[in-house]
Every structure is written in C-alpha cells, then in structure tokens.
2 protein chains.
Amino acid sequence: MTAQRNELNAVSDNADQRATAVSDQRAIPDATVARLAIYLRALTGLGERGTATVSSEELATEAGVNSAKLRKDLSYLGSYGVRGVGYDVASLTEHIQMTLGLNRNRAVALIGIGHLGQALVGYAGFASRGFRISAVIAADPALVGTRLRGLTVQHVNNLNEVVRSEKIAIAVLAVPASSAQDVCDRLVAAGVTSILNFAPTVLNVPAHVDVRKVDLAAELQILSFHDNRKAARADCAPFAEVAPATGAVSVR
Amino acid sequence: MTAQRNELNAVSDNADQRATAVSDQRAIPDATVARLAIYLRALTGLGERGTATVSSEELATEAGVNSAKLRKDLSYLGSYGVRGVGYDVASLTEHIQMTLGLNRNRAVALIGIGHLGQALVGYAGFASRGFRISAVIAADPALVGTRLRGLTVQHVNNLNEVVRSEKIAIAVLAVPASSAQDVCDRLVAAGVTSILNFAPTVLNVPAHVDVRKVDLAAELQILSFHDNRKAARADCAPFAEVAPATGAVSVR
DNA sequence: ACGTGTGAAAATATTCACAGCT
DNA sequence: AGCTGTGAATATTTTCACACGT
C-alpha cells in the first residue's frame, strides 16, 4: 500500500535520562517531539480559521497522522483535552509552544550566505514560527559589511562576540561541506549548543551539543529508492495501481 | 577517537514499504534506507581520498553512526564485506547506488522559484549526487519564459507535457503553503509519484505516491525543545556540564 | 588475529481497544 | 453519545555479543 503520509524525521536523543534523579518531568519521546512541531503548525492553521475546538481525529487528519498516535503524543504533555469534546485549540497551542520552548523568541544565527543561506534569511516561515534571524555571518571578506534583510553581515572571526551580544540560541550552518566542521568548532567554542546543519557532512561535536541535519540530496535518494521499488513492483504486477484517489491518512 | 556521537538526526521514514507480498526481495527497513544515503556520501568521500577498503568501524565513524548498526544495515544489501578485512569502497559504493536506484540519472522538476526554489536550482549537491533538475516550473506568468540556470521557466499549466517529455521521476515542491496542495494534485494527475515537499503543509496524495517533507521551522523547534531541556537541567544541577568532550555516544 | 554477518535481547515507537469522564 | 487517556499488544529499530570466514 505504500501509504502516503509524511511522518517526520526522527530525532536524536542525547541521553537525558535520570541525572538529577528528581525533577524528571516525564520524558517526552523523541518521535513525539518531532511531531509536536507539526501539530503546532496544524493548530495555528485551525486557530486562524476560527476553530475553537478540535477532536483528536480532526487534528490528526490535519497533521497527517492517525488519531491514536496523536492522543498518545499529547498525553505526554498532560491532560489538555476534554472527554466527549476534544481539545481547546488556543490552550493546546500554547501548551505545545511552551513545551517546545517557543515562549521566548529565540535568536538564530545564520552562517554562510550562498544561495541557500540567502534563501534562508528571507524565509518567512522562521519568523512566523518563533524564530528570528539576528545575525548573518560569512567567511568571505567581500561579503562582510554588506547588508542583507536589515542585517549587517559579520565576519566569522567575530563569532564569539556576536553569539554573546545577540544571545544566539541556535546556529544554522549553510556553508560548504569543506568548511562545515571548522565553522562548527568555532560555534561550539563560542558556546552554541544547537546547530541545524545543511552541509552534507557529519559534524563532530561534544556531547552537550545538539545537531540536526537537513541533507537535500539524501532526501531525493530516499525517494529514488522507493520509486525504484514501485517500478519493480509494477513490472511484476501491472494492475496493482488501484489507489483510493484521495485516501485519508489511513495507512493501516 | 573522533567521537562520532553525532548520532543524532535520525531518520524519517515516510511511506512504509513492505507490501508486494511476493518477489519480496528482502525488504530493507526504512530506517536503513535513510542511512544508506549517508553511507554513500561517506563512501564517496573515502573514494575521492583514495581509500580502497574500510572497516565497518571506520565507515561508521565517518557516517556518524555506530558500527553494529552499519553492519546490520549493509547486511540487508547482501554480503559485500570480507571478514577480517572490511568493505571494498568502490564496489560497496556501486551496490548502494544500485539499491537506491541511482544508476539511471533521475530527472527532477522544481516547482516554485521563490528564494528557496532559486537556491535549490543552484544547489550543486543535487547534480553531484545523481539528480538533474530538468524542468523549472512557476505559477507566476511574469516568470514564465525567463531563463534560470540554462532552463526556461515553464508554466504550471504545462505540467503534463513537461513531466512526460522530460520523464520526470521526482518533483520538488517549493511553493507557498497556500498553493501546495493544488500544485501537488496537478503533479499527481501528471503522473508524478515522488514528491519532496518544502511547503509547511501536509499533502494529501493517493497511496501510490510518496511524499517526503522538509520543514525548516520544525527542525528549529525540535532543537529549541532540546535546548530548553538542557537549560532546565543546568538550573537544577549547575555543575552538570562536565561533558566528556569526546565521550562516546553514551546513551547507554 | 581481525572484522563481518547475524541471531537474540533490549529499547523505541505505533496501534489497538476500551474504561471512564463529560 | 462522544471522545479522551492509557494499559496492553504489536511492530520496528537499535544494540549486544559471538560464531565464523579469511
């Protein structure tokens, strides 16, 4: 059947785990955290359309998952639904934002302003979903000092000061693979502990630093694999392509 | 050591696979498929540096995973290693490429040429890893007909012809969320069965179509969550930040 | 010796199915 | 009557640990 849904990237995990023994506020599974971001997106949409309440079934459809998974996920945050009724859109939105730490608007530094970097600076989706790019950093001296979307491009040597003065929480790495590790090391030295890496290379970081990556070509390769499979299957069973046309998320 | 604790990012999975019942050449788990792309990247690097043979330990470090996982993953492809020696870089590279269906160079259509779309057209990583953007499509009539990186921008109404004439295998959706579903429907109608979606919205597609998504803001939100956790932990245990600097993946 | 390949164990994640609240 | 919250069942993924080939 092949389903269609999206499902997400998973996560890292970074052994949190006991430590401090107490205060161990129920750990939220990584897979759940990744989906919370999607639920939030769906909730925001619902809120804008004026919906005040949603059932797990509706929200699940909206988010492209099944309702049992959604309820289980939300149950890790506590009990914010009302039996027989559903979830209050506004308060659930707020709870998820809180859980993801989005209450304080987080400052993001972008390093590397090639094609991709420039696209990211202009990406409206960051601002609308809790992030503000507060620093743009490049290695090329020719670019330093120029202005981009209201920000003055800083040199990578000033990383320390920029990170400190702008209180950078997260760095987005959009530099070539060849310099990614070097820049990453500097970021870590400057105190950054969360990095989103677009360079097609594995970053080496100390244990307290979180790295997530987006590998565009890898995504296409994964699609390619499945496509290949479909083609092979079609060869064997030329009439298999029935496909319910609009199928809900279904899966099953 | 070079620790490889990156270990993060996990994977996504996207459509399930199985099915096919018969001719079910040992099904490769989704988690494995997603990592094959990473191994391939690492192998390419090793090949270029002249390495002829790698052990699972070395390749795993290079790819940021642990060696048991790597061996298990590769075992799904068959036996391409030599006990006591390791894997032949060239032949393993080829086998993974074959498995991912990268032997034939796949044509990709890009729909939407805003900031992100333009960055993607120029992204060298696609070409170098088996994909060629062979069509660029926009909805804005003002853009249609202009040239971009050697390609003439086509109108979205010509989707059918373009998909057919260029033998498009995969479509990359870089349009605003508001038109994503509409464009997606047209793509499906034109026969596209693999879509990489950058729009922050869930796409509804029939079961035979595969969708993977990249949600940039969601990635930042996930980092934000972990960052928040780290901060909370630091509050309770101010001296916890020992971080073995290079420690293994830990997590136990 | 060395390092792959793999069963078996452990850890995670998903789905089922229903008790219990509104 | 409807829908959440969740134990229990299932499925998937990761890790261990070691037999076995070279």
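Reminder, nothing fancy here: chain letters follow the sequence lines and each chain counts from 1. Computed from a predicted model, the values in this text were never measured in an experiment.
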What integer distance in Å separates [X]:[atom1] from [N]:[atom2]?
{"X": "Asp30(B)", "N": "dT12(C)", "atom1": "CG", "atom2": "C1'", "result": "15 Å"}
{"X": "Leu70(A)", "N": "dG5(D)", "atom1": "CG", "atom2": "C1'", "result": "12 Å"}
{"X": "Lys72(A)", "N": "dT15(C)", "atom1": "NZ", "atom2": "C1'", "result": "9 Å"}
{"X": "Leu74(B)", "N": "dG5(C)", "atom1": "CG", "atom2": "C1'", "result": "10 Å"}
{"X": "Tyr76(B)", "N": "dG7(C)", "atom1": "OH", "atom2": "P", "result": "10 Å"}
{"X": "Lys69(B)", "N": "dT12(D)", "atom1": "NZ", "atom2": "P", "result": "17 Å"}
{"X": "Ile28(A)", "N": "dT12(C)", "atom1": "CD1", "atom2": "C1'", "result": "16 Å"}
{"X": "Asp73(A)", "N": "dA13(C)", "atom1": "CG", "atom2": "P", "result": "10 Å"}

Selection residues 46-55 of chain A - residue pairs positive for salt bridge (charged side-chain N to carboxylate O under 4.0 Å, His left out), sequence neighbours left out |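 Qualifying pairs: Arg49(A)-Glu62(A).
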
According to a strict under-4.0 Å criterion, is Asn66(A) in side-chain N/O contact with OP1 or OP2 of dT14(C)?
->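 The answer is no; no side-chain N or O of Asn66(A) sits under 4.0 Å from OP1 or OP2.
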
Sequence neighbours left out, what passes salt bridge (Lys or Arg N to Asp or Glu O under 4.0 Å) with Arg129(B)? Give chain and number order.
->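 For Arg129(B), the residues satisfying salt bridge (Lys or Arg N to Asp or Glu O under 4.0 Å) (neighbours in sequence not counted) are Asp215(A).
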
How would you list, by chain and number, every residue that makes a salt bridge (Lys or Arg N to Asp or Glu O under 4.0 Å) with Asp182(A), sequence neighbours excluded?
->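 In terms of salt bridge (Lys or Arg N to Asp or Glu O under 4.0 Å), with neighbours along the sequence ignored, Asp182(A) is linked to Arg186(A).
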
Under 3.5 Å, which donor-acceptor pairs do the side chains of residues 83-93 of chain A form with other protein atoms, sequence neighbours left out?
from	atom 1	to	atom 2	distance (Å)
Asp88(A)	OD2	Ala90(A)	N	3.4
Asp88(A)	OD2	Ser91(A)	N	2.9
Thr93(A)	OG1	Val89(A)	O	2.6

Would you mind reporting whether Leu173(B) and Phe198(B) have side-chain heavy atoms less than 4.5 Å apart?
->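 When only atoms from C-beta onward are counted, Leu173(B) and Phe198(B) do not touch, as no gap falls below 4.5 Å.
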
Give me, pair by pair, the N or O atoms of the protein and of nucleotides 2-4 of chain D that are less than 3.5 Å apart, along with how far apart they are.
from	atom 1	to	atom 2	distance (Å)
dG2(D)	N2	Gly84(A)	N	3.3
dC3(D)	O4'	Gly84(A)	N	2.9
dC3(D)	O2	Gly84(A)	N	3.4
dT4(D)	OP1	Ser56(A)	N	2.5
dT4(D)	OP2	Ser56(A)	OG	2.6
dT4(D)	O2	Arg83(A)	NH1	3.2

State which residues pass ring-ring contact (aromatic ring centres under 6.0 Å, His included) with Tyr39(B); sequence neighbours excluded, sorted by chain then number.
->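 Applying ring-ring contact (aromatic ring centres under 6.0 Å, His included) to Tyr39(B) gives none.
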
